[in-house]
Amino acid sequence: MENIIKDIDILPVEEAQACEYKTTVDENTGKTKKLYIESYGCQMNFSDSEIVASIMKDNGFDTTSNYEQADVIFLNTCSIREKAEQTVRKRLSQFNTIKKQNPSLTIGVLGCMAERLKDKLLEEEKLVDVVVGPDAYRDLPNLVKDAEDGDKGVNTFLSREETYADIAPVRLNSNGISAFISIMRGCDNMCSFCVVPFTRGRERSRDPHSIVKEAQDLFDQGYKEVTLLGQNVDSYKWSPEENNKARLIKQEGDVSEVITFANLLEMVALISPQLRIRFSTSHPKDITDEVLYTMKKYNNICKYIHLPVQSGNTRVLDLMNRTYTRDWYLERISKIREILGEECGISSDMISGFCTETEEEHEETLSLMDIVKFDFAYMFYYSERPGTLAAKKYEDDIPLKVKKRRLQEIIDKQAVHSYARNKQDLGQIQEVLVEGSSKRSELQLKGRNSANKVVIFDKGNHQKGDYVTVKIVDCTPATLFGEVLS
Ligand code: SAH
Ligand code: SF4
Ligand code: F3S
């Protein structure tokens, strides 16, 4: 779920690791105060910022894209790697100057770093007024008010129930065509390297009716694509009984059996054949054949699966507590190919230099890549996170130089595979959903095919939101180029 720009050529290591951020847009609905949010990390965080903006909107705030005009600045932060936290610290020190010029400005740290560091953040970063974790956003208006009265505040309560199901997100990061919908929160997996279970709490699934309604509303507003988000979408599970326990309203027509991710996919796919469905992230231990068959059954469910492997070696996978083996992963890939064919896009996340990883074990990650040939991958070197199982149990013993060298080998290999996979598309006829103009030229449009690859083609009479049939005529490792057929 890491967010890295995709439609540019392969990035060198350092840049590929740099955390991109997104900001709020300018809104002028006549509210008296201005809110600026900068969001780091994964799509989940971007989606949360839309919930935050919605809560603040009901409390007198329009969003702005200019932090110099803001009454309140929120940084929605990520803790996944040390570097992500360093980026936020640097940014906070830049905000020091404007806080000095404008002492009435409220600065808040939200998200995973807030949850991880709690009130320590107030001690360490003197300019911060409020610290709020991912399950406590309903409390933001109170905390901001207290801050305006001079009282700093922290709320990092983690909930077993909060899904923000009733809050209509203000679409901030959207092009008006494609939007994120959170279908669950938290994670129960405890991969040993990962901070997410600590920052986002226990896994819980959102009421499917509220998900379908949100997707329907988006479609009615002209959106053409929704991405269903969760750290592990395949473990989505909802039943009316649990729903009652969670104090949500039981609706007419509820069936009593459990709704799985495959059921949910189908429910959303049935809204309209004109609405594309994507989802992220799938976990290799949980992705079922039923999900794959549901993808096959509906044309509008995009043929793209982000299935992070992390390592190609079974011993390392075991240390990582991923609960699958190399063979299990490869079997899942075979099943995807068997049911959905070669066209299905598959991407992955990889970590180099995990604790005690030997050279031979690293080679197994490379050989797994050779077998699978991912279309795309997000690649990282291991960064020890305080409090995680790995930090407690294993020594972070691979020198940084070695981690980086192994990472570079992974990146180099991926570049070759991305290019080869794109070349396989040459000559194919594909349906592309147009997202807007290409970065290089107003005369060209940019969109994505079902497999999530960026396709560029001449504009003609087409516009944002159109489904266009193109023939792929050229490619780079990162982009396909098409000729419009209709
Ligand atoms: N829920 C998703 C992953 C979310 S975090 C999943 O299970 O696949 C996104 C990616 O960040 C992970 O897949 C992993 O590759 C990477 N990552 C997480 N913790 C890391 C760490 N401590 N060091 C380096 N990379 C890490
Ligand atoms: Fe982290 Fe593992 Fe959960 Fe993904 S599944 S968020 S890697 S603990
Ligand atoms: Fe996402 Fe970063 Fe938190 S990846 S869940 S924002 S630690």
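Each ligand, and each atom within it, is numbered from 1 in the order the structure gives. Predicted model only: the values in this text are computed from it and were never measured.
Among all protein heavy atoms, the one lying closest to atom 3 (Fe) of ligand 2 is Cys187 SG, 2.3 Å. With hydrogens left out, the protein atom closest to atom 1 (Fe) of ligand 2 is Cys194 SG, 2.3 Å, a heavy atom. From the protein, the heavy atom lying nearest to atom 5 (S) of ligand 2 is Asn189 ND2, 3.4 Å.
By the 4.0 Å heavy-atom criterion, Asn232 is excluded from the residues contacting ligand 1. The closest approach between Gly111 and ligand 3 stays at or above 4.0 Å for every heavy atom of the residue. Residue-ligand proximity: Gln231 is placed with a non-hydrogen atom under 4.0 Å from ligand 3. Under the 4.0 angstrom criterion for non-hydrogen atoms, Thr281 is in contact with ligand 1. Using a 4.0 Å cutoff on heavy atoms, Tyr381 counts as a contact of ligand 1.
Using a 4.0 Å cut-off between a side-chain N of Lys or Arg and a carboxylate O of Asp or Glu, Lys297 and Glu266 qualify as a salt bridge. Using a 4.0 Å cut-off between charged nitrogen and carboxylate oxygen, Glu342 and Lys303 do not count as a salt-bridge pair. With salt bridges taken as basic N to acidic carboxylate O contacts below 4.0 Å, one links Glu214 and Arg171. Salt-bridge annotation for Lys335 and Glu338: present, with a side-chain N of the basic residue lying under 4.0 Å from a carboxylate O of the acidic one. With salt bridges taken as basic N to acidic carboxylate O contacts below 4.0 Å, none links Arg185 and Glu162. Between Asp129 and Lys99, at least one side-chain N (NZ, or NE/NH1/NH2) sits under 4.0 Å from a carboxylate O, which counts as a salt bridge. Between Lys213 and Asp207 there is no salt bridge, since no side-chain N of the basic residue sits under 4.0 Å from a carboxylate O of the acidic one. Residues Glu85 and Arg116 are paired through a salt bridge, judged by an N-O separation under 4.0 Å between the basic side chain and the carboxylate. Between Glu359 and Arg405, at least one side-chain N (NZ, or NE/NH1/NH2) sits under 4.0 Å from a carboxylate O, which counts as a salt bridge. The pair Arg138-Asp166 meets the salt-bridge criterion, since a charged nitrogen lies less than 4.0 angstrom from a carboxylate oxygen.
For ligand 3 and Cys112, the ligand atoms under 4.0 Å from any heavy atom of the residue are 3 (Fe), 5 (S), 6 (S), 7 (S). Close contacts of ligand 2 with Phe193, meaning ligand atoms under 4.0 Å from a residue heavy atom, involve 7 (S). Heavy-atom contacts of Arg385 reach the following atoms of ligand 1: 22 (N) (cutoff under 4.0 Å). For ligand 2, the atoms closer than 4.0 angstrom to any heavy atom of Arg322 are 2 (Fe), 7 (S). Listed by number with element, the atoms of ligand 2 under 4.0 Å from a non-hydrogen atom of His283 are 5 (S). Within the listing of ligand 3, atoms 1 (Fe), 4 (S), 5 (S), 6 (S) sit less than 4.0 angstrom from a heavy atom of Cys42. Counting atoms of ligand 1 from 1 in the listed order, those under 4.0 Å from a heavy atom of Pro308 are 8 (O). Remark: ligand 1 atoms within the under-4.0 Å shell around heavy atoms of Arg81 are 11 (O), 16 (C), 17 (N), 23 (N), 24 (C), 25 (N), 26 (C). When each atom of ligand 3 is checked for a heavy atom of Asn45 under 4.0 Å away, the hits are 6 (S). Short contacts between ligand 2 and Pro197, defined as distances under 4.0 Å to a heavy atom of the residue, involve ligand atoms 8 (S).
For Gln231, a nitrogen or oxygen atom sits less than 3.5 Å from a nitrogen or oxygen atom of ligand 1, counting backbone and side chain alike. For ligand 1, the polar-atom distance check against Phe193 finds a nitrogen or oxygen pair separated by under 3.5 Å. Considering both main-chain and side-chain atoms, His283 never comes within under 3.5 Å of ligand 1 through any nitrogen or oxygen pair.
Between the side chains of Thr199 and Glu115, no donor N or O sits under 3.5 Å from an acceptor N or O.
In this pair, Phe261 and Phe279 present their aromatic rings perpendicular. The plane angle is above 60°, beyond the 30 to 60° band. Between Phe193 and Phe354, the ring planes are perpendicular. Angles over 60° get that label, and only those under 30° would be called parallel.
The option with the heavy atom closest to atom 7 (O) of ligand 1, from among Lys403, Gln310, Arg322, is Arg322. When Arg200, Arg385, Met44 are checked for heavy-atom proximity to atom 5 (S) of ligand 3, Arg200 turns out nearest. Comparing Cys42, Ser235, Cys191 against atom 2 (Fe) of ligand 2, the shortest heavy-atom distance belongs to Cys191.
Backbone or side-chain N, O or S atoms of Cys78 do not reach atom 3 (Fe) of ligand 3 at under 2.8 Å.
By the criterion of a heavy-atom distance under 4.0 Å, the side chain of Phe380, and not its backbone, is placed next to ligand 1. If you look at Val196 next to ligand 2, the close heavy atoms, those under 4.0 Å, all belong to the side chain.
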Next item on the list: List the steps and the verdict of ring pair (Phe, Tyr, Trp, His ring centres under 6.0 Å) for Phe180 and Phe46.
Entry: CA-CA 9 Å; Phe180 299 134; Phe46 300 146; 7.1 Å; no

Next item on the list: Report the C-alpha separation of Arg89 and Glu125 in whole Å, then their side-chain angles, then the decisive distance to 0.1 Å, and conclude whether the salt bridge (charged side-chain N to carboxylate O under 4.0 Å, His left out) test is met.
Entry: CA-CA 8 Å; Arg89 300 263 192 192; Glu125 303 285 347; 2.9 Å; yes

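Taking the side chain as every heavy atom from C-beta outward, Tyr21 and Thr23 approach each other to under 4.5 Å.
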